[in-house]
Every structure is written in C-alpha cells, then in structure tokens.
Protein chains: 2
Amino acid sequence: MKIGELSRATGTNIETIRYYERIGLLPAPHRTAANYRSYGDPHRARLTFVRHSRDLGFTIEEIRSLLDLSDDPARDCSEADRIASRHLAQVEDKIAQLTLLRDELTRIVGCCRGGVAADCRVIEALGDHGSCAGAH
Amino acid sequence: MKIGELSRATGTNIETIRYYERIGLLPAPHRTAANYRSYGDPHRARLTFVRHSRDLGFTIEEIRSLLDLSDDPARDCSEADRIASRHLAQVEDKIAQLTLLRDELTRIVGCCRGGVAADCRVIEALGDHGSCAGAH
DNA sequence: ATGCACCCTGTAGCAACTACAGGGTCAAGA
DNA sequence: TCTTGACCCTGTAGTTGCTACAGGGTGCAT
Ligand SMILES: [Zn+2]
Ligand SMILES: [Zn+2]
Ligand SMILES: [Zn+2]
Ligand SMILES: [Zn+2]
C-alpha cells in the first residue's frame with residue numbers, strides 16, 4: 001500500500017507518517033522502482049498503535065518504549081503497566097489543575113458588568129493574583 | 001530596577017523577560033550608560049499581568065489583546081469578557097476531553113494481570129480503539 | 001589585578017507536528 | 001502523443017512559549 005492509502009486507512013497525515021519514519025518510530029518501508037514507499041499490514045498495525053496511543057496522550061518517547069516492549073513478546077509487561085499508570089496519574093493531575101483554573105476563570109468572568117476598560121473587573125483581576133480565591 | 005530584580009520581583013525567568021520584549025509584549029525599557037535595561041513600576045505591573053494571565057492559561061496573543069484593551073481605558077471592555085469567556089469554554093472542553101481520556105486509561109490500566117508482553121492487555125488495548133468504551 | 005556576579009546579543013533547542021518549495025511518476029482522456 | 005491531474009519524493013522552515021547556551025562586556029570588592 002502506498003503512503004496515501006496508509007494515511008487514509010489510519011487517519012494519519014502523510015507528513016506525519018514520514019515524520020514518524022524520520023524519528024525512527026516507524027521502520028522504513030520497502031520502496032517501489034519509482035522510489036515510492038510501500039507498506040504492508042504490520043506497518044498499518046504499528047501506525048494504528050502509535051496513533052491510538054497519541055490520541056490517549058502518550059508521548060512519542062513513551063510510545064517508543066511501548067513498541068520496544070511489544071516487539072519483544074517474551075519480556076515482562078510490567079513496564080507497560082508502569083508507563084500507562086504514570087500517564088494516568090499525569091492526566092489526573094492535569095484535570096485537577098484545570099479544574100482550579102476553571103473555578104478561578106468562572107469567578108473572574110462573572111465579575112464583568114460591562115463598561116469601559118478602565119473599570120473592568122476582568123482586566124483588574126488578571127493583574128492581581130491577590131484577588132484570586134485559590135492557588136493555580 | 002535591573003532585569004535581575006524584575007525577575008525576582010515577578011518570579012519570571014530573565015530570558016523570558018527578554019523574550020517578551022523581543023515579541024513586543026513588553027515595551028523596551030530605558031538603558032543605562034552600560035546598556036543595561038532599567039525598569040520602573042509600570043513595567044513590573046505589566047509583567048505581573050502577563051505572568052498571571054499565562055498562569056491562567058491565556059495565550060500570548062490573547063494577552064496581547066487584553067493589554068491593548070487596558071492600554072486604552074476608554075474602550076468598551078466587552079472584548080476582554082469575550083476573550084476570557086472563550087478561554088473558559090476551552091478549559092471546560094479540555095477538562096471534558098481529559099476526563100474521557102482518564103476513564104479510558106483507567107479501564108486499560110486495570111486490564112493488566114502481569115505476565116509477558118505477548119499476552120499484555122494494556123499493549124493489546126493500545127493497538128485497538130475498537131475495544132475502547134467511549135470516544136476520545 | 002583579579003575574581004565574581006551580573007548584564008548584553010544572537011542563535012539553537014525542546015514536542016509533535018505541519019506546510020511549503022521544487023521536483024519526479026503515472027494513468028487517463030482529447 | 002500530449003497534457004492534465006493526482007499522487008509521490010526530499011529537504012527545510014514554521015508553529016508555541018519558552019529555555020539554554022556561547023561568547024562577550026560591566027561593575028564592585030579584595
Ligand atoms: Zn469588563
Ligand atoms: Zn491568580
Ligand atoms: Zn500487562
Ligand atoms: Zn480508543
């Protein structure tokens with residue numbers, strides 16, 4: 001399959017596929033006589049894995065480790081579990097942090113009663129963390 | 001005040017202050033005879049505004065608009081409200097999206113029973129969105 | 001005079017792509 | 001046969017918001 005087909009099959013931008021090859025996340029495929037990349041099913045499966053992991057928020061380096069692991073089926077899988085658990089913890093941290101942010105923003109946005117910039121409570125609140133309710 | 005003092009006063013990296021000047025977010029300050037930057041209180045207030053807004057997640061371009069607005073005290077403040085409301089909506093979207101992610105990751109992480117990579121449910125789940133419970 | 005803390009400019013690096021510029025290849029239609 | 005258009009190639013530069021040098025100058029104390 002040519003790169004355009006792989007792109008459509010996996011919902012991945014062509015430039016992104018070439019980028020993944022360049023950084024060594026995907027193996028270089030065979031080339032046709034015209035120097036076109038030619039992919040098979042294992043390539044498609046690997047790219048699907050990468051895209052799904054990216055959609056779940058894993059970094060490229062985490063995905064690299066996960067792929068190394070799945071390339072070596074006899075290895076103990078605890079590292080995969082560790083990577084995923086750590087990522088889950090990071091997502092939870094991020095949610096907590098954004099929730100604080102949301103509360104503070106809700107408070108700030110609610111302060112505006114209209115009028116000129118000189119009297120705007122929103123602009124005032126942005127210049128003064130002292131008026132914030134919580135840490136963020 | 002020299003750049004080091006401004007840095008300490010606002011909790012901003014020196015390189016970041018110079019970066020803000022370079023991109024036109026902070027005005028170029030006066031220079032001493034030795035070509036050192038020399039800041040006054042208005043600079044400090046402006047940088048405080050910028051840092052607080054960044055801490056609240058506003059982009060540089062949003063902050064630029066907000067500063068433009070506060071530089072022109074007679075203008076109607078509805079744009080500030082619009083920018084802040086839109087940002088709040090984005091934060092809420094992000095929270096919703098991360099919550100879906102968290103649920104999916106919790107499910108995936110819980111699948112691992114230990115063993116070898118070939119049998120790992122975590123690795124399997126990462127390669128197959130079909131096994132996901134929701135959209136993400 | 002020499003050490004040290006501080007300041008300057010300019011450039012390059014990070015993550016994870018994305019967007020060209022400038023070219024080659026190939027099948028179908030006029 | 002010629003040409004149009006869709007596809008492919010490489011290589012480089014842009015995005016966001018910083019951060020980290022390299023290589024130099026300044027100012028004060030010992
Ligand atoms: Zn207002
Ligand atoms: Zn605050
Ligand atoms: Zn496992
Ligand atoms: Zn999924």
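Here is the naming used below: chain letters follow the sequence lines, and residue numbers restart at 1 for every chain. Just so it is clear, the model here is predicted, and its values are computed rather than measured. When reading the values below, keep in mind they use all heavy atoms of this one structure, side chains included, and skip hydrogens, waters and symmetry mates.
Remark: nothing in residues 92-104 of chain A comes within less than 4.0 Å of DNA chain D through any heavy atom. Contacts between residues 37-47 of chain B and DNA chain D, counted as heavy-atom distances below 4.0 Å, involve no residue at all. Applying a 4.0 Å cut-off to non-hydrogen atoms, none of the residues of residues 55-71 of chain A approaches DNA chain D. Taken residue by residue, residues 15-33 of chain A places heavy atoms nearer than 4.0 Å to DNA chain D at A:R18, A:R31.
Summary of helix geometry: the two end axes of the helix from C:dA1-D:dT30 to C:dA30-D:dT1, each defined by five base pairs via their C1' atoms, are inclined to each other by 40° (rounded to 10°).
Taking B:R37 as the reference, B:E21 meet the side-chain hydrogen bond (donor to acceptor under 3.5 Å, both in side chains) condition, with sequence neighbours excluded. Legend: residues meeting side-chain contact (heavy atoms from CB on, under 4.5 Å) with A:T48, ordered by chain and number and at least two apart, are A:T10, A:R44. For B:A133, the side-chain contact (heavy atoms from CB on, under 4.5 Å) test picks out B:E104, B:R107, with sequence neighbours left out. In this structure B:N13 satisfies the side-chain contact (heavy atoms from CB on, under 4.5 Å) test together with B:E15, B:T16, sequence neighbours excluded.
With respect to A:K2 and A:E5, no salt bridge is recorded, no charged nitrogen being found less than 4.0 Å from a carboxylate O. Look at A:R46 and A:D41 and you find no salt bridge, because none of the NZ, NE, NH1 or NH2 atoms lies under 4.0 Å from a carboxylate O.
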Considering only distance and modelled atom types, tabulate donor-acceptor pairs under 3.5 Å from the side chains of residues 91-100 of chain A, sequence neighbours left out.
unit_1, atom_1, unit_2, atom_2, d
A:T99, OG1, A:I95, O, 2.7

Let me check something: any side-chain donor-acceptor pairs from residues 115-129 of chain A under 3.5 Å, sequence neighbours excluded? List them with distances.
unit_1, atom_1, unit_2, atom_2, d
A:D128, OD1, A:G130, N, 2.9
A:H129, ND1, A:H136, NE2, 3.1
A:H129, ND1, B:H52, NE2, 3.2

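Put simply, CG on B:L6 and CD1 on B:I17 are 4.0 Å apart, with the number rounded to the nearest 0.5 Å. Rounding to the nearest 0.5 angstrom, the gap separating the CG atom in A:L47 from the OG1 atom in A:T12 is 4.0 Å. Atom CG of B:L56 is separated from atom NE2 of B:H87 by 6.5 Å, given to the nearest 0.5 angstrom.
At a threshold of 4.5 Å between non-hydrogen side-chain atoms, the residues A:I23 and A:R64 count as touching. In this structure the side chain of B:S38 never reaches within 4.5 angstrom of the side chain of B:M1, judged on heavy atoms.
In this structure, A:R51 reaches the sugar-phosphate backbone alone: every heavy-atom distance under 4.0 Å involves primed, P, OP1 or OP2 atoms, never a base.
Using modelled atom types and a 3.5 Å distance limit, the side chains of B:Y20 and B:R54 yield no donor-acceptor pair.
Considering only the side chain of A:Y36, D:dC7 comes nearest among D:dC7, D:dA20, D:dG17.
A:Y39 and A:Y36 are assigned to two separate hydrophobic clusters, defined by single-linkage of ILVMFWY side chains at heavy-atom distances under 4.5 Å. A continuous path of hydrophobic side-chain contacts links B:I83 to B:I60 [ILVMFWY only; heavy atoms under 4.5 Å].
Chain A approaches DNA chain C over the interval C:dA16 to C:dC26, counting the first and last nucleotide 5' to 3' with an atom under 4.0 Å from its heavy atoms.
Smallest separation of non-hydrogen atoms from B:V109 and A:A84: CG2-CB, 3.6 Å.
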